[in-house]
Amino acid sequence: MTAVQPDAAAARIRWLAAPSSAAWLEQALAHPELVLIDHAHCERKAAGAALQLMFRYPRDAELAALLSPLAREELEHFERVLALLQRHGITLRPLAAPPYGSELGKAVRRQEPERMLDSFLVAGLIEARSHERMALLARHSPDPELRQLYGDLLASEARHFGLYWLLCERRWPRPLLSERLEQLATLEASLLTVPHPEPRMHS
Ligand SMILES: [Fe+2]
Ligand SMILES: [Fe+2]
């Protein structure tokens, strides 16, 4: 193992219970193409998750007003990553997903309004982890084009988890939010401790 260490400041995000490991960063830097393909899928999934919430709660105008621009922005990110893949002759292909997304999905309670709360927090956690990892890639990727890409996307991803937090704060008291976030954040961090054979944005 080389001594590539995730940047402590980039990892210090209130949402996350633990920073990414040096092992993940090293694996990701060794397979930039795979990370890029997975990143494209993540952007598309982030747009899908926002749209899904809009369809699940069609009467909630505030939710729609906040999540519609988010979904659009995620699709713009998707197109940007896709264009980069095409310039480099890399095919966008399906990749086996690590258990991260499905395990977080299982933690979402089925009854309302808990389902809504957990959905917002899980979406925010995924955004926060993307942000943390893009910051690492923006700093450590040897390829300047990749540093630029990840650096450019950082600010939006930070806005995205801020937005999910805003949706929570307008609906639930802070102590209840903090308690549930802590539980889900602990789960989220634990899902990243089992190494995946190939690097993913969330593995
Ligand atoms: Fe994005
Ligand atoms: Fe995002």
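As the structure lists them, so they are numbered: ligands from 1, and atoms in each ligand from 1.
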Participant: Hey, what's the angle at the Fe ion (ligand 1) spanning OE2 (Glu157) and OE1 (Glu43), nearest 10 degrees?
Facilitator: 130°
Participant: In degrees, rounded to 10 degrees, what angle do Glu74 atom OE1 and His77 atom ND1 make at the Fe ion (ligand 1)?
Facilitator: 100°
Participant: When you check the gap from the basic side-chain N to the acidic O, do Arg159 and Glu73 get nearer than 4.0 Å?
Facilitator: yes
Participant: Check Glu127 and report its N/O/S atom nearest to the Fe ion (ligand 2), by atom name.
Facilitator: OE1
Participant: What do you reckon, are the aromatic ring centroids of Tyr150 and His39 less than 6.0 Å apart?
Facilitator: yes
Participant: Of all the N, O or S atoms in His160, which one sits nearest to the Fe ion (ligand 2)?
Facilitator: ND1
Participant: Thinking salt bridges, do Glu188 and Arg129 make one under a 4.0 Å N-O criterion?
Facilitator: yes
Participant: Is the shortest side-chain N to carboxylate O distance from Arg87 to Glu145 below 4.0 Å?
Facilitator: yes
